[in-house]
Amino acid sequence: LSQVLFADPNRPPVVFHWIPVFGSAVSYGMDPYKFFEDNRKKFGDVFTFVLLGRRMTVALGPQGNDFVLNAKLSDVSAEDAYQHLTTPVFGNGVIYDCPNHRLMEQKKFAKSALTVQAFRTYVPIIVGEVRNYWLKSPQFFGGNPNRASANAHLMTAMPELTIFTASRTLQGKDIRAKFDESFADLYHDLDRGFTPLHFVFPHIPIPASFRRNAAQKKVSDTYMAVIRDRRQRGDFSEFDVINTFLKEGIYKDGVRMTDREIANMQIGILMGGQHTSAATSTWALLHLAADPELCKALYREQIEVCGEDLPDLTYENLQNMTLLNYTIRETLRMHPPLHSLFRKVRSDLAIEGTHYVVPKGHYVMAAPGVPMIDSKYFKDPVTFRPSRWAEAKNEINLDDSGEATTVSKGAKSPYLPFGAGRHRCIGEQFAYVQLGTILAMFIREFTWTLPDSSGVPRPDYSSMVTLPSEPTNIVWTRRKVGEKKPVA
Ligand code: HEM
């Protein structure tokens with residue numbers, strides 16, 4: 001009753017909860033989209049809920065995205081919202097463990113590595129990694145190149161393929177080689193210390209936290225050893241992010257990034273793209289498994305763009321595969337890996353167009369996935385239909401000004417899987433190169449179906465990214481050797 005009687009009229013309405021500190025943790029945690037929708041019906045686009053002692057004000061819709069993601073630096077802080085979770089994993093001095101202006105420069109250094117020139121070299125490398133993976137992995141040929149069909153568990157295969165291809169391209173041969181030794185286990189230990197539980201209790205004294213701390217040091221030391229080795233050999237020839245940081249990692253004020261910071265940045269970059277991209281390729285393959293017509297059209301596109309005998313992919317080929325890129329775009333529309341983006345409020349923050357003020361110390365939250373499945377912006381939003389993007393202009397109706405903005409640009413777009421504003425993702429282009437190459441390889445080599453008639457799995461929100469719930473299996477069949485013509 002007190003929640004209703006003593007409500008401050010200048011504060012957004014608060015979602016009712018029975019248990020004081022715990023708040024709405026269960027209903028939000030189980031299905032954030034249902035939670036947002038149920039409360040939007042009661043309160044409109046802006047409301048506050050209690051999440052394990054934190055007061056979160058959600059702002060839904062494109063306006064809400066703009067409010068949170070484009071808020072002034074003096075008003076909100078991402079580092080105050082994320083630092084406790086990320087620093088034990090990435091290490092000190094980078095990303096959220098430094099002032100925001102440092103993060104902005106670190107992102108700029110990383111971005112300068114992610115060029116078209118680099119991507120041209122990455123596509124054939126990814127092709128090689130995928131082939132090698134298929135050959136060895138028990139999910140695919142398991143050492144027997146004549147295997148014609150098998151059941152593969154995607155949530156095993158896609159994280160492995162993602163980390164092998166990302167480490168080889170973004171961090172070079174020497175780092176990739178470490179993944180054939182113990183490096184993958186160390187990254188697993190980092191992962192197990194990067195959970196919703198650690199979001200609430202970053203240093204909870206359980207084995208996973210101790211293993212995370214030990215792994216952070218070992219992984220960071222390994223990157224430092226690689227950096228020293230490259231210096232000794234004088235070999236900076238690959239277009240990778242480590243080399244770019246070594247060349248360009250000098251801040252505007254003349255301070256040079258230390259080897260430790262460059263090392264920790266590598267963990268941040270690899271982790272930033274790992275679960276997001278692995279989840280995306282898994283969702284895409286599951287949707288394709290349920291849509292044989294789309295798979296045929298994608299196979300035809302491979303032939304149309306590359307020619308009958310399907311020579312190895314190039315970066316330029318990928319740019320011409322419109323349907324493939326729409327498929328990735330559609331996957332991210334229905335399954336954006338990050339459902340909630342937070343900022344901590346640094347000074348009382350008025351919400352434009354309302355009489356609400358969010359006080360200092362509370363959090364604001366954007367949920368870019370909400371407009372992405374809103375029929376106001378996307379016709380029949382729960383249907384996976386990549387071809388909708390060919391008609392995108394008709395379907396994306398933007399803010400009050402009626403201005404049609406480009407998809408994925410500007411915080412008022414209803415389509416923001418990569419965020420917006422100063423914390424926007426730097427990995428979008430790389431993700432498209434990596435996902436595009438991997439998916440094209442699957443389309444060329446296999447046809448596949450879901451193992452039963454249960455359809456595409458439902459989302460599972462229990463980890464840091466939105467994953468498909470288990471089982472995430474497909475049954476693949478190799479296309480007949482020599483099959484060059486699209487199946488009729
Ligand atoms: C930031 C999504 C891949 C590195 C973000 C944000 C989102 C996002 C939504 C904004 C976070 C916020 O505002 O709080 C995705 C998706 C990906 C992906 C959907 C793949 C499908 C990658 C990759 C990399 C990467 C491959 C590295 C190469 C980063 C970095 C930031 C970021 C450094 C900036 C964090 C900040 O400024 O606070 N990403 N990402 N991401 N992402 Fe990605």
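Counting starts at 1 for both ligands and their atoms, following the listed order.
- Counting only non-hydrogen atoms, the option in Pro417, Gly421, Pro337 that gets closest to atom 2 (C) of ligand 1 is Pro417.
- Distance from atom 14 (O) of ligand 1 to its nearest protein heavy atom, with residue and atom name: Tyr82 OH, 2.7 Å.
- If you number the atoms of ligand 1 from 1 as listed, the ones under 4.0 Å from a heavy atom of Phe430 come out as 26 (C).
- Of the N or O atoms in Arg343, one or more lie within a sub-3.5 Å distance of an N or O in ligand 1.
- Looking only at protein heavy atoms, the nearest one to atom 10 (C) of ligand 1 is His423 O, 3.4 Å.
- Near Leu103, meaning under 4.0 Å from any of its heavy atoms, are these atoms of ligand 1: 36 (C), 37 (O), 38 (O).
- For Glu352, the CD atom is loosely surrounded, since the number of other residues' heavy atoms within 6.0 Å does not exceed 12.
- Ligand-side atoms of ligand 1 in range of Thr280: 21 (C), range being under 4.0 angstrom from any heavy atom.
- Aromatic ring pairs are classed by plane angle as parallel below 30°, tilted from 30° to 60° and perpendicular above 60°; the pair Trp134 and Phe140 is tilted.
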Requested in this report: For the pair Leu161 and Glu129, evaluate side chain to side chain contact (heavy atoms under 4.5 Å, CB included) and give the outcome as yes or no after the intermediate values.
Outcome: CA-CA 8 Å; Leu161 260 175; Glu129 283 287 341; 5.6 Å; no

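- Here the side chain of Ser277 pairs no donor or acceptor atom with the backbone of Gln274 at under 3.5 angstrom.
- For atom 43 (Fe) of ligand 1, the nearby protein N/O/S atoms, meaning those under 2.8 Å, are Cys425 SG.
- Using a 4.0 Å heavy-atom cutoff, Phe342 is absent from the residues neighbouring ligand 1.
- No more than 12 heavy atoms of other residues, nucleotides or ligands shown are found within 6.0 angstrom of NZ on Lys218.
- Heavy-atom contacts from other residues, nucleotides or ligands closer than 6.0 Å to CE of Met30 number 12 or fewer.
- Residue Tyr251 qualifies as enclosed at atom OH: its count of foreign heavy atoms under 6.0 Å is above 12.
- Here is the list of ligand 1 atoms found below 4.0 Å of a heavy atom in Ile269: 27 (C), 28 (C).
- Ring geometry for Phe418 against Tyr432 counts as tilted: the plane angle lies between 30° and 60°, on a 0 to 90° scale.
- Nearest protein heavy-atom contact of atom 37 (O) of ligand 1 is Lys107 NZ, 2.7 Å.
- Residue Tyr96 approaches ligand 1 through these ligand atoms, each under 4.0 Å from one of its heavy atoms: 35 (C), 36 (C), 38 (O).
- With hydrogens and angles disregarded, no donor-acceptor distance shorter than 3.5 Å links the side chain of Glu330 to the backbone of Thr327.
- Using bins of under 30°, 30° to 60° and over 60° for the plane-to-plane angle, the ring pair Phe49/Phe47 lands in the tilted bin.
- Other residues, nucleotides and ligands contribute more than 12 heavy atoms inside 6.0 Å of the NE2 atom of His101.
- Heavy atoms of Ser277 come nearer than 4.0 angstrom to ligand 1 in at least one pair.
- With hydrogens and angles disregarded, a donor-acceptor distance shorter than 3.5 Å links the side chain of Thr115 to the backbone of Ala118.
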